[in-house]
Amino acid sequence: LKPILCIGDLAPLTKHIDCDSLPSISVHAGYQDISSKLFAELQPTAVYSPLFEAHFDASDMVVLLSSLGFMGQYRALSFAIPRPKLVVQELRAIAPEVDFDLIVVDGEPALLN
């Protein structure tokens with residue numbers, strides 16, 4: 001079985017969704033760990049990441065995945081945001097060859113100090 005590659009810290013988001021609905025085989029990596037070698041070794045069927053994180057966001061991810069020739073699904077997770085359909089349209093326009101969609105989860109983001 002080919003794994004799902006989880007990039008960044010998904011813990012704050014995934015505690016609000018039913019993880020039993022996600023495939024059980026997953027590999028976690030940081031944005032800085034993404035390389036053609038990693039993708040050749042893992043051959044992931046899907047990539048999941050937060051929509052926004054401190055050092056990258058989904059627009060960085062679609063460009064990187066496109067440059068790597070990734071042919072699987074890329075799903076970004078986010079708490080509720082204004083106009084999520086517009087975000088999806090914009091990211092699909094950046095890299096139309098990437099199968100991108102946004103998963104909006106229930107819950108509230110933690111307030112930053």
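These figures come from a predicted structure and were not determined experimentally.
The minimum heavy-atom distance linking Ala76 with Phe100 is given by the pair CB-CE1, 3.7 Å. Scanning both residues, Ile7 and Gly30, for their nearest heavy atoms gives CG2-C, 4.1 Å. Summarising the geometry of Val62 relative to Val98, their closest heavy-atom pair is O-CG2, 3.8 Å, with the distance given to 0.1 Å. When all heavy atoms are compared, the tightest approach of Ser35 to Leu68 is C-CD2, 4.0 Å. Here the closest non-hydrogen pair linking Leu102 and Ser78 is CD1-CB, 4.0 Å.
Hydrophobic clustering (ILVMFWY, side-chain heavy atoms < 4.5 Å, transitive): Met71 and Tyr74 are in distinct clusters.
Within the 4.5 Å cutoff, the side chain of Pro50 has no heavy atoms near those of the Leu77 side chain. For the pair Val87 and Leu91, the minimum side-chain heavy-atom distance is below 4.5 Å. The side-chain heavy atoms of Met61 and Ile34, taken from C-beta on, include a pair separated by under 4.5 Å. Put simply, the side chain of Leu5 reaches to within 4.5 Å of the side chain of Phe39, judged on heavy atoms. Between Tyr31 and Glu53, the closest side-chain pair of non-hydrogen atoms is not below 4.5 Å. In this structure the side chain of Leu64 reaches within 4.5 angstrom of the side chain of Ser67, judged on heavy atoms.
Neither side chain, Tyr48 nor Ser26, offers a donor N or O lying under 3.5 Å from an acceptor on the other.
Sorted by first then second residue, the salt bridge (Lys or Arg N to Asp or Glu O under 4.0 Å) pairs that include residues 71-88, not counting sequence neighbours, are Arg75-Asp99.
Of the listed residues (Val104, Ile103, Asp57, Ile81), just one forms a side-chain contact (heavy atoms from CB on, under 4.5 Å) with Leu51, and that residue is Ile81. The side-chain contact (heavy atoms from CB on, under 4.5 Å) with Ile4 is formed by just one residue from the set Val47, Val27, Thr45; it is Thr45.
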